[in-house]
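Remember, it's 1-based here, ligands and their atoms both numbered in the order they're listed.
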Amino acid sequence: MNAPSNPLKDVFEWPAAINEVPKEVFLREDIYKLELEKLFYGPVWHPVAHVSEVPNVGDYKTSYLGEKSILVIHGEDGQVRVFQNACTHRGTELVTGFMGNKTEFECPYHRWIFDSKGDLRVCPGEEDFPEDFTKKKFGLAEITTENFFGLLFVTLDPDNAPTLESYLGRTAEHLQAVMGGDGRLKLMGYQKVIYNANWKAYRDNDGYHPPLLHAAFRLLNWQGGKGFCVVEPNGNIALVSQLKEAAKTGFLKDESILEFRDVNPEQGSYVVAPSLMTVATKHLDMINLRFPMPRGVGKTEVHWAYFSHADDSEEMVKHRLNQSSNLLGPSGLVSLEDAAVFHRIQRAATTSPKNSYFLKGIVEGFDAANGAQNDEVANTVFWEYYRKTLGFPRTEAQNN
Ligand code: FES
Ligand SMILES: [Fe+2]
């Protein structure tokens, strides 16, 4: 991962200051291609599904890793595997729907059939194939996967990737907490959204903005309490905050969505970003995993998956469901306005000034590894990881 080659390093200047980011990175196709190669297909772990999304044999889900179509299948042997979603004959995308259940995956082009373990079972006209043909060689291409309390992380470069443990670092314990401590989650449903914004504009959502951008915080007089933010050198973060009870202002017809039932208000809000883009959140009783994927340089698709816990009563499931998309989702009470900001950053990316700035918490000698939960310190750590991984030298380094 050190000193990577970067064909763009001489045509692109990175500002000298640690808290400045050139807005060109939200716009350039060539940079986007480099990101796919170095980050999405490089030695980096990406969460793509939780096993509770595919609880039964034959359950499957499709997604994207960068721009690669992928397929998650619960195999007949009980194992959940992640494959490249392409027929191994001529490369036809094998599954086109989002999710379902089947034990045979048939390619429509020449009717090859794969089983739920990815093995090739049927090839029409096989008797006319070359003598050395063997079905064994043509199983679906499996992607290296690690399971962290049910959350499946994949990498396309396992030889050079760090262990998942070291990749997660100090975010691991908080990620585990979001997933109920034991990972025994139950899928309640999804909301999907496409933002017309570069994936990094989405990813850069900071801890400074929530009470300022989101009107619900003001309308409910809902102030956050103490908290902390651990930041790993790869920009992965865990942000844990105390949540005080929101004031009963009469603003909401049904104030039960603000209730704490199975949560210690001292740790009422967890926001954990255990990888490049994925965010795991436990806010009050709501548990969600956001699976974002870049869909081109100016577009980001996000699948918000909402969960209950396997031990929940029916009443608790209802409460979590009610809280889920109503509170924190693409159109949730405390997150609704984010979409507008992502779009507006993208639309104005060519305007002056040419850099964007991170300022809150950036004071002399700030502690980058342990920020406050309401500043922009963690963003600077991610951008430093990004700059180094892609291989952009800082301007001052070029001048020396
Ligand atoms: S491309 Fe799938 S069977 Fe030929
Ligand atoms: Fe927000």
**Request:** Identify, by atom number and element, the atoms of ligand 1 in contact range of Tyr109, meaning under 4.0 Å from any of its heavy atoms.
**Result:** 1 (S), 4 (Fe)
**Prompt:** Side chain of Thr92, backbone of Arg90: donor and acceptor closer than 3.5 Å?
**Reply:** no
**Asked** Can Glu53 and Lys61 be counted as an ion pair, charged N to O under 4.0 angstrom?
**Response** yes
**Asked** Any N/O/S of His89 under 2.8 Å from atom 2 (Fe) of ligand 1?
**Response** no
**Message:** For the metal site, I want the angle between atom OD2 of Asp338 and atom NE2 of His214 with the Fe ion (ligand 2) at the apex, to 10°.
**Reply:** 100°
**Prompt:** Of the backbone and side-chain N, O or S atoms of Glu337, does one lie nearer to the Fe ion (ligand 2) than 2.8 Å?
**Reply:** no
**Asked** Taking both backbone and side chain into account, is any N, O or S atom of Cys107 nearer than 2.8 Å to atom 2 (Fe) of ligand 1?
**Response** yes
**Message:** Check whether Tyr202 reaches the backbone of Met277 with its side chain - one donor and one acceptor, N or O, closer than 3.5 Å.
**Reply:** no
**Item:** Salt-bridge present (Arg261, Asp285; N to O < 4.0 Å)
**Value:** no
**Fill in**
Under 4.0 Å from one or more heavy atoms of Cys87, ligand 1 contributes atoms 1 (S), 2 (Fe), 3 (S)
**Message:** Taking ring pair (Phe, Tyr, Trp, His ring centres under 6.0 Å) as the cut-off, I'd like each qualifying pair that reaches into residues 231-282, sequence neighbours left out, listed once.
**Reply:** none
**For atom 4 (Fe) of ligand 1, the closest N/O/S atom belonging to His110** = ND1
